[in-house]
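Contents: one structure, followed by commentary.
Because the structure is predicted, anything quoted here is derived from the model rather than measured.
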Amino acid sequence: MCILFALLALVPFEWNGEKVSRSEESWLELLGSDRYAVMRERRTERAFSGKYRPLEGVIYSCAACGLALFDSKDQYNAGNGYPSFKRAIVKKNIYFAEDRSLSFKRYEVLCRCCDSHLGHVFKDGPPPKGLRFSINSITLNIR
Ligand SMILES: [Zn+2]
């Protein structure tokens with residue numbers, strides 16, 4: 001167990017400034033059609049279809065590039081069928097983009113390293129910042 005924690009401590013969690021880019025064909029091959037639809041075509045998975053109920057002691061990383069994104073200590077159950085987080089593990093590992101695909105304005109959450117779509121952020125979350133990162137579980141791997 002101690003060795004595992006020592007190894008985890010050595011893995012950098014912060015984005016190193018390098019971008020991962022691939023052709024769309026290569027992303028499709030890497031991700032498979034379900035993940036590709038969410039991460040590259042900005043679709044949303046069906047609610048409650050994911051495998052990530054709030055867990056303990058895990059780090060979630062981007063399923064496309066491996067960058068650490070969320071810590072389970074910031075995860076909570078928002079009751080809507082999507083993994084919800086109070087914040088990103090490291091602020092600069094994600095970024096936001098305006099999404100006007102519905103009748104109201106939303107902000108999508110993207111991976112800073114590979115520009116994959118992860119989900120959306122809303123302002124109805126718990127303290128301290130009141131943010132709810134509503135993330136498609138298919139975009140996450142447990143690190
Ligand atoms: Zn990524």
Side-chain angles (χ1 to χ4, degrees), residues 1-102 105-126 128-143:
M1 221 37 189
C2 290
I3 293 169
L4 178 64
F5 283 124
L7 286 173
L8 278 176
L10 294 174
V11 177
F13 282 162
E14 199 169 303
W15 179 54
N16 66 5
E18 290 177 20
K19 286 275 195 185
V20 169
S21 71
R22 293 168 172 266
S23 68
E24 289 309 308
E25 295 77 23
S26 174
W27 279 126
L28 180 58
E29 193 177 319
L30 177 79
L31 299 171
S33 56
D34 289 349
R35 272 191 167 145
Y36 181 86
V38 174
M39 300 186 83
R40 309 306 300 182
E41 296 181 320
R42 296 170 160 73
R43 304 269 174 80
T44 298
E45 70 184 5
R46 200 163 35 83
F48 298 102
S49 67
K51 55 189 172 183
Y52 300 131
R53 306 293 178 258
L55 298 173
E56 284 182 22
V58 301
I59 301 296
Y60 295 102
S61 61
C62 175
C65 75
L67 182 66
L69 296 173
F70 299 98
D71 188 324
S72 61
K73 73 177 166 51
D74 298 317
Q75 187 175 7
Y76 68 101
N77 187 355
N80 64 355
Y82 297 97
S84 297
F85 300 89
K86 296 177 201 171
R87 61 181 167 200
I89 191 166
V90 177
K91 213 173 180 177
K92 76 175 182 182
N93 287 12
I94 58 161
Y95 68 99
F96 307 112
E98 207 174 283
D99 176 357
R100 289 185 175 273
S101 61
L102 298 180
K105 187 166 70 177
R106 297 183 295 174
Y107 286 92
E108 65 171 315
V109 181
L110 298 113
C111 173
R112 177 74 76 180
C113 180
C114 71
D115 299 319
S116 288
H117 172 82
L118 304 169
H120 289 87
V121 64
F122 300 97
K123 291 181 176 172
D124 59 3
K129 302 248 174 168
L131 295 177
R132 172 171 59 93
F133 292 84
S134 185
I135 304 300
N136 292 285
S137 63
I138 202 169
T139 70
L140 302 175
N141 277 336
I142 290 177
R143 188 158 167 156

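- Considering CH2 of Trp15 and SG of Cys113, their distance stands at 7.5 Å, rounded to 0.5 Å.
- What you find for Cys111 and Leu118 is that their closest heavy atoms are N-CD1, 3.7 Å.
- Of all the heavy atoms in Glu18 and Asn16, the pair that sits closest is N-OD1, 2.9 Å.
- Between the side chain of Glu108 and the backbone N or O of His117, no donor-acceptor pair lies under 3.5 Å.
- For the pair Ile89 and Phe13, the tightest heavy-atom approach, listed with the atom from each and the gap, is CD1-CD1, 3.9 Å.
- At distances below 3.5 Å, at least one donor-acceptor pair connects side-chain atoms of Asn93 with backbone N or O atoms of Ala68.
- Contact check for Ile94 versus Phe133: side-chain heavy atoms found under the 4.5 Å cut-off.
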Practice prompt. Apply salt bridge (Lys or Arg N to Asp or Glu O under 4.0 Å) to the pair Asp124 and Arg132, showing each step before the final yes or no.
Written response: CA-CA 6 Å; Asp124 59 3; Arg132 172 171 59 93; 2.7 Å; yes
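- Atom CZ of Arg42 has more than 12 neighbouring heavy atoms from other residues, nucleotides or ligands inside a 6.0 Å radius.
- The shortest heavy-atom contact between Ser134 and Phe122 is CB-CE1, 3.9 Å.
- Within a 6.0 Å sphere centred on CD of Glu56, heavy atoms belonging to other residues, nucleotides or ligands number 12 at most.
- Annotation: Glu29, atom CD; neighbour count of heavy atoms from other residues, nucleotides and ligands within 6.0 Å does not exceed 12.
- The shortest distance between side-chain heavy atoms of Leu131 and Lys123 falls below 4.5 Å.
- Atom NZ of Lys129 has 12 or fewer neighbouring heavy atoms from other residues, nucleotides or ligands inside a 6.0 Å radius.
- Taking 4.5 Å as the limit, every side-chain heavy atom of Cys114 sits out of range of all side-chain heavy atoms of Arg22.
- Inter-residue side-chain proximity for Phe96 and Val109 is flagged as met; some heavy-atom pair is nearer than 4.5 Å.
- Of the possible donor and acceptor atoms, one in the side chain of Tyr82 sits under 3.5 Å from a partner among the backbone N and O of Ala47.
- With hydrogens and angles left out, the side-chain atoms of Thr139 and Arg35 include no donor and acceptor closer than 3.5 Å.
- For Phe85 and Phe70, the gap between ring centers is short of 6.0 Å.
- If you take CG on Leu28 and CZ on Arg40, they are separated by 11.0 Å, rounding to the nearest 0.5 Å.
- No donor-acceptor pair closer than 3.5 Å links the side chain of Ser72 to the backbone N or O of Gln75.
- In plain terms, the two heavy atoms of Cys65 and Val20 that are nearest each other are CB-CG2, 4.3 Å.
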Worksheet entry | Criterion side-chain contact (heavy atoms from CB on, under 4.5 Å) on Cys62 and Met39, from CA distance to verdict | CA-CA 10 Å; Cys62 175; Met39 300 186 83; 3.8 Å; yes
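- Arg106 and Ser101 get closest at one heavy-atom pair: NH2-OG, 3.3 Å.
- No side-chain heavy atom of Asn141 sits less than 4.5 Å from a side-chain heavy atom of Tyr60.
- For the pair Asn136 (side chain) and Ile138 (backbone), a donor-acceptor distance under 3.5 Å is absent.
- With hydrogens and angles ignored, the 3.5 Å screen pairs a side-chain donor or acceptor of Arg112 with a backbone N or O of Lys92.
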